[in-house]
Protein chains: 2
Amino acid sequence: MDNTNDIDAALLADISTLEGSLAQRVYQAMKEAILALDFPPGANVRKAPICEKLGVSRAPVTEAIARLANDGLVDVVPQSGTHVSYFSMDEIREGVFLREALEVATVAKVARDITDDQLKKLSRNMRLQELLVDDDDTAGFYQADEEFHHLLMEFTGFQRLPDVAQTVSLQVTRARLLLLPTPGRVAETLEEHRALFNAIRNRDELAAQREMHRHIGQLLPRIAALQAEKPELFEKQ
Amino acid sequence: MDNTNDIDAALLADISTLEGSLAQRVYQAMKEAILALDFPPGANVRKAPICEKLGVSRAPVTEAIARLANDGLVDVVPQSGTHVSYFSMDEIREGVFLREALEVATVAKVARDITDDQLKKLSRNMRLQELLVDDDDTAGFYQADEEFHHLLMEFTGFQRLPDVAQTVSLQVTRARLLLLPTPGRVAETLEEHRALFNAIRNRDELAAQREMHRHIGQLLPRIAALQAEKPELFEKQ
DNA sequence: ACTTGTCAACTAACATGTTAGAATGATAGA
DNA sequence: TCTATCATTCTAACATGTTAGTTGACAAGT
């Protein structure tokens, strides 16, 4: 049987449909696999199977791995090997902190500057969220949730912000996938979004900051609970 | 005469004294040259002279350039060439926004959690700043200023924070070097730091946030004034 | 003058060969 | 049984050859 600890390159998505350079495509495919936990923490990342599966040479795979290392998703051991990074509560705490810093600043600016058109878009997203909660569509709500936060960042007019926010909290994103939808949590989240939306509509900067702080504050305790449930995904001390 | 628009690889620092992989060293050396404006905005970045000057092959230089592109310090045109990126007021505004978001969150946390030992370190830095202002040592003050902010981030206990803060505001760092020390500005800065320090010592989170906001708010108008003075460094519209 | 087209030169991107350091496991010695 | 050594076999890191796309100069046509 296959009791190695290698990643299964077969789980990589087909990169021929993606755009950009080969390195960019390989990066996307690998990132997706890591975030989806198809490549589990601790697994060896070997280039050869990846090259074979994707039909590319080592160069673009090497560049992709370098970027993933930069994102903190893999750890490269010089002259030795590369493995998918473990979860680390320290890193997750830091990710949440960074994420909150950016989101609070974002929502403050948005509350100050939002246009009627933007408010309309946000309102539409809110109604979508309500609809999805009514329909008990948890997966759909997850998407709308992401879009809600993405919209806010878009409204600042800053180009890199969404990407920076994503990058600094990649570990959080990965851990969040393990959080099974707790009964009632979806409705709670909707309430938090609604409070946020109301603060923004009222152009109440302080209230918006407070609500975002509260909203993101819900995350950490829930992730911390994971460590007890799935210790094998976390780094050894 | 040499009227090409190429970078002058001779301005690169010797990498043999640096540590880490060749790629890492080349990255550091090039980043330094770009931030010091030794490689001016718009200049072509050609690999060959860099390889020759540093005595390495194209591979580590390629990786270094990839990272610089990721930092937004160079623009890579596929299949064509690479040039040092121009200043962009949009990017600088975004850099200041991101930096402020992180610094405000940092100072809030520090005001909550600071230990006596940390307070002592910060106090020592404050006294150093005062001393340097008295001595009219502008360059020394610049360093102490950097250290002041770095200390605050260190005190959060978050490993990546200083690096993230630096990365998101690299353009700002580069532009800041052009700001000649306006008479009186150094003393003003010291006053702002003192207000910040007092708020932290009083563990007054809100005051600390307010002072940091005020402190960083001084930056943007001064950089904006640069655009009129040195339009050739800014991107063409 | 103002396109349009061709071509030469250059470059990033990619492929592949080479090197050197780390992990692993077998084996010898205690 | 345990430990130390050494050789094998990995790998990342680096060097270098190859490919294909872009640019810019210049010539020919309008």
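These numbers come from a predicted model, not from an experiment. Each chain gets a letter, A, B and so on, in the order the sequences are listed, and its residues count up from 1.
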- Message: Measuring only between side-chain heavy atoms, which start at C-beta, is L98(B) closer than 4.5 Å to L161(A)?
- Response: yes
- Could you check if a side-chain atom of R25(B) sits within less than 4.5 angstrom of a side-chain atom of V56(B), using non-hydrogen atoms only? no
Could you check how far [atom1] of [X] sits from [atom2] of [N], rounded to whole Å?
X      : N       : atom1 : atom2 : answer
N44(B) : dG24(D) : CG    : C1'   : 13 Å
E63(A) : dA12(D) : CD    : P     : 16 Å
D6(A)  : dC10(D) : CG    : P     : 12 Å
L22(B) : dA15(D) : CG    : C1'   : 11 Å
R46(B) : dT22(D) : CZ    : C1'   : 16 Å
R25(A) : dA13(C) : CZ    : C1'   : 12 Å
L54(A) : dA13(C) : CG    : P     : 19 Å
I50(A) : dA12(D) : CD1   : P     : 9 Å

- Item | Residues forming a side-chain hydrogen bond (donor to acceptor under 3.5 Å, both in side chains) with T82(A), sequence neighbours excluded | none
Taking only nitrogen or oxygen atoms into account, show me every contact under 3.5 Å that the protein makes with nucleotides 5-8 of chain D, one pair per line with its distance.
none

- Message: I'd like to know if the side chain of T156(A) reaches the main chain of L152(A), judged simply by a donor and an acceptor atom lying under 3.5 Å from each other, with no hydrogens or angles considered.
- Response: no
- Is S21(A) reaching over with its side chain to a backbone N or O of Q24(A), donor-acceptor style, under 3.5 angstrom? yes
With 3.5 Å as the limit, what N/O pairs link the protein to nucleotides 4-8 of chain C?
none

Side-chain donor-acceptor pairs of residues 57-66 of chain A under 3.5 Å, sequence neighbours excluded:
unit_1, atom_1, unit_2, atom_2, d
S57(A), OG, A59(A), N, 3.4
T62(A), OG1, K47(A), NZ, 3.3
T62(A), OG1, R58(A), O, 2.8
E63(A), OE2, R67(A), NH2, 3.4

- Nearest atoms (heavy-atom pairs only) where Q171(B) meets S85(B): NE2-OG, 3.8 Å
- Note on the structure: Heavy-atom closest pair (L37(A) atom, R174(A) atom, distance to 0.1 Å) is CD2-CG, 3.8 Å
- Note on the structure: When rounded to the nearest 0.5 Å, the distance separating CG of L102(B) from CZ of F97(A) is 7.5 Å
- Spatial distance of atom CG (L219(A)) from atom CG (L179(A)) [nearest 0.5 Å]: 7.0 Å
Taking only nitrogen or oxygen atoms into account, show me every contact under 3.5 Å that the protein makes with nucleotides 16-18 of chain C, one pair per line with its distance.
unit_1, atom_1, unit_2, atom_2, d
dG17(C), N7, R58(A), NH2, 3.4
dG17(C), O6, R58(A), NH2, 2.2

- With distance as the sole criterion, is a donor-acceptor pair present between the side chains of D90(B) and S88(B) under 3.5 Å? no
- Answer yes or no: does a side-chain N or O of K47(A) lie under 4.0 Å from OP1 or OP2 of dA12(D)? yes
- Message: Regarding E146(B) and R176(B), does a basic nitrogen lie under 4.0 Å from an acidic carboxylate oxygen?
- Response: yes
- Message: Quick check on the 6.0 Å ring-centre criterion: do F87(A) and F234(A) meet it?
- Response: yes
- Task: Specify whether H193(B) and F141(B) have parallel, tilted or perpendicular ring planes, treating 30° as the upper limit for parallel and 60° as the lower limit for perpendicular.
- Result: parallel
- Item | Within residues 69-83 of chain A: residues closer than 4.0 Å to DNA chain D (heavy atoms) | V76(A), V77(A), P78(A), Q79(A), S80(A), G81(A), T82(A)
